[in-house]
Amino acid sequence: MLVAVTIGVLGAGVVWAERVVEGDGVDDAGGAGGVGGRPNVVVIVADDLGWRDPGFMGSDYHRTPRLDGLAAEGVVFRQAYANAAVCAPTRAAILTGMYASRTGVYTVGGGRRGGGGQDAGERALVTPTNRSTLASEVTTLPEAFAAAGYVTGHVGKWHLGRPTGSSSPTGHGFDSTVGASRGGGTRSYLAPYGITSLDGSETPEGEYLTDRLTDEAIAFVEEHRERPFFLWLAHYAVHTPIEADPGVLADVQDWPKGQLHDNAEYAAMIASLDRGVGRLLDTLERLELAEDTIVVFVSDNGGGRRVTSMAPLSGFKGSLDEGGLRVPCVVRWPGKIAAGSVSEEPVLLFDLYPTLLGLAGVETPAEQAVDGVSWGPLLTGDEGLEQRDLVWYVPVYATGPSGRVRAAPRAALRYGEWKLVYDFESERSRLFDLSRDVGEKDDRAEEEPAVVAMLEKRLRAWLEETGAEVPRRR
């Protein structure tokens, strides 16, 4: 049994300092790059794109030539994990470098969907209250870059607060924002979208959302080409509604279906996403910024159940199975990192926080906990990272929009090739050896009690170290 611990979620505020570092293990990258000796940084976040969805990750149906080209020019992380199986906590983790136990962003939304003890008949545990916004005390990635003289821009999905005001992107360090919706989703991919900052008299009816967000990102780059910039392009694609650009769908209908993937409308959405990434990369080339720009492409969690497959991984978005957590991930910086390489190192997306700051020569916070670690050694291909615990923490009930319980509070911990999945309600663990069972079909808990005990002890230590608020019995 895991002992409940209740400690404050957030620590003290942060005083930022700026410095230029020598390297960080990436060919003396800290002082090199774009305007003012700083590299530009572009982070492209897809929504619900599955681990096997891009061509470079093995899809036998989806065509992603521009993403495949990006992968060939950068480092592909084959065992990159989202920090959660749903979008908001992963985005919070990347932007803060912290585990959910520190930010309090555990799931999507609040109230009945967030836990907090409602529906006592279905819930044996009293759970922490989920935060749906980032706390003002947290120093975010754009705030860190802004303090170092960067201009910062947000385009697309937010889902960590309102589109305007103190919980908006501009309330957390972005100089500009466009495309954030009130609820974190879009009503339609064809205009009008139901997104205030995008819908207007000048918006052509039937304009495609992925194309529009790409246009906005390109406009940001063109406007700020003379300054070092940090751009966060958060596409709504390929989240529901599954709605393709009609012209792209007409082309996709002629593609031969694969055994892994076969949904034409979903494939067309991915094709539009791929085309948008290509247009942005072409803009960097045209403006002679490509060699001075770090480009990251990731998804926020695993793919959706009805439209894709992550086989041989089991599970989908929302589950702590590998298929709900592993995501495609590429980092490119021409001439500075090892191009055309593949890393099998297990990493978490919140590692991007110290990684990108380190590459740009900006110091991480002195007083804010940063749980992620820099990928600097991996980006050169010189060495790996020290073995560490990778943890996913969901101390609230997983429910649908109606509030009906789908899963009890749970946590997962990966250490080496062992993965423990712990249920706080039943107080039972499942155990998997990912080296021989990546599909998580063979629960080894009964055969390996010593391993279970060791991993549960590590999980208890993690809960205490990160100040986690743990579910408790009624």
Side-chain angles (χ1 to χ4, degrees), residues 40 42-48 66 87 91 142 146 150-227 229-252 265 268-287 289 293 295 297:
N40 306 308
V42 174
V43 179
I44 306 169
V45 184
D47 197 349
D48 290 4
R66 300 310 303 268
C87 58
R91 292 161 193 266
Y150 279 68
V151 59
T152 58
H154 171 273
V155 176
K157 179 168 177 168
W158 179 234
H159 217 177
L160 291 170
R162 295 177 180 271
T164 59
S166 61
S167 66
S168 71
T170 54
H172 285 286
F174 287 104
D175 295 315
S176 63
T177 180
V178 62
S181 66
R182 185 177 180 86
T186 181
R187 182 178 64 198
S188 171
Y189 279 90
L190 299 170
Y193 311 112
I195 300 173
T196 302
S197 61
L198 298 180
D199 291 334
S201 58
E202 74 284 358
T203 302
E205 184 175 352
E207 175 190 67
Y208 196 65
L209 179 57
T210 304
D211 296 339
R212 173 64 181 278
L213 295 181
T214 301
D215 292 342
E216 298 287 353
I218 289 172
F220 175 86
V221 170
E222 290 177 333
E223 180 179 356
H224 300 291
R225 70 182 81 175
E226 301 299 330
R227 290 183 58 187
F229 58 79
F230 171 72
L231 171 63
W232 178 271
L233 171 56
H235 279 290
Y236 290 88
V238 291
H239 194 287
T240 54
I242 304 303
E243 187 175 26
D245 179 321
V248 177
L249 180 59
D251 293 336
V252 171
E265 193 129 6
M269 293 182 75
I270 294 174
S272 290
L273 175 67
D274 182 75
R275 180 175 63 185
V277 170
R279 289 176 56 214
L280 182 55
L281 296 178
D282 289 345
T283 299
L284 295 174
E285 290 284 354
R286 173 171 55 83
L287 299 178
L289 296 174
T293 303
V295 176
F297 178 84

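The structure displayed is predicted, hence computed values, not measured ones.
For the side chain to side chain contact (heavy atoms under 4.5 Å, CB included) test, residues two or more places apart in sequence or in another chain that qualify with A271 are V248, W255. With sequence neighbours excluded, no residue satisfies ring-ring contact (aromatic ring centres under 6.0 Å, His included) with Y236. Considering only residues two or more places apart in sequence or on other chains, T203 meets the side-chain hydrogen bond (donor to acceptor under 3.5 Å, both in side chains) condition with R212. With sequence neighbours left out, F297 forms a ring-ring contact (aromatic ring centres under 6.0 Å, His included) with no residue at all. Residues passing the salt bridge (Lys or Arg N to Asp or Glu O under 4.0 Å) test with D245, sequence neighbours excluded: R275. Scored by the salt bridge (Lys or Arg N to Asp or Glu O under 4.0 Å) test, D47 finds R91, K157 as partners (sequence neighbours excluded). Annotation: salt bridge (Lys or Arg N to Asp or Glu O under 4.0 Å) contacts of E222 (sequence neighbours excluded): R286. Among residues two or more places apart in sequence or in another chain, the side-chain hydrogen bond (donor to acceptor under 3.5 Å, both in side chains) test is passed with H172 by none. Partners of H224 under the ring-ring contact (aromatic ring centres under 6.0 Å, His included) rule, at least two apart in sequence or in another chain, are F220. For R279, the salt bridge (Lys or Arg N to Asp or Glu O under 4.0 Å) partners two or more places apart in sequence, or in a different chain, are D215.
A heavy-atom distance below 4.5 Å is not found between the side chains of H154 and T170. Counting heavy atoms from C-beta outward, S272 and Y208 have side chains that approach closer than 4.5 Å. Residues L198 and L209 are in side-chain contact: their nearest non-hydrogen atoms beyond the backbone lie under 4.5 Å apart.
Of all non-hydrogen atoms in L213 and A234, the two that sit nearest each other are CD1-O, 4.1 Å. Across S168 and P163, no two heavy atoms sit closer than the pair CB-O, 3.3 Å. Nearest approach of Y150 to F230, heavy atoms of both residues: CD2-N, 3.8 Å. Contact detail for A244 and L249: the closest heavy-atom pair is CB-CB, 4.0 Å. When all heavy atoms of G173 and A146 are compared, the closest pair comes out as O-CB, 4.3 Å.
Among pairs with a residue in residues 184-199, those fulfilling side-chain hydrogen bond (donor to acceptor under 3.5 Å, both in side chains) read S188-E243, Y193-E207, at least two apart in sequence or across chains. Sorted by first then second residue, the salt bridge (charged side-chain N to carboxylate O under 4.0 Å, His left out) pairs that include residues 159-186, not counting sequence neighbours, number zero.
Atom OG1 of T293 sits about 10.0 Å away from atom CG of L281, to the nearest 0.5 Å. A distance of 6.0 Å separates CG of L233 from OG1 of T214, quoted to the nearest 0.5 Å. Rounded to the nearest 0.5 angstrom, L231 CG and E216 CD are separated by 11.0 Å.
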- Item | N40 vs L284, side-chain contact (heavy atoms from CB on, under 4.5 Å): CA-CA, chis, key distance, verdict | CA-CA 10 Å; N40 306 308; L284 295 174; 5.9 Å; no
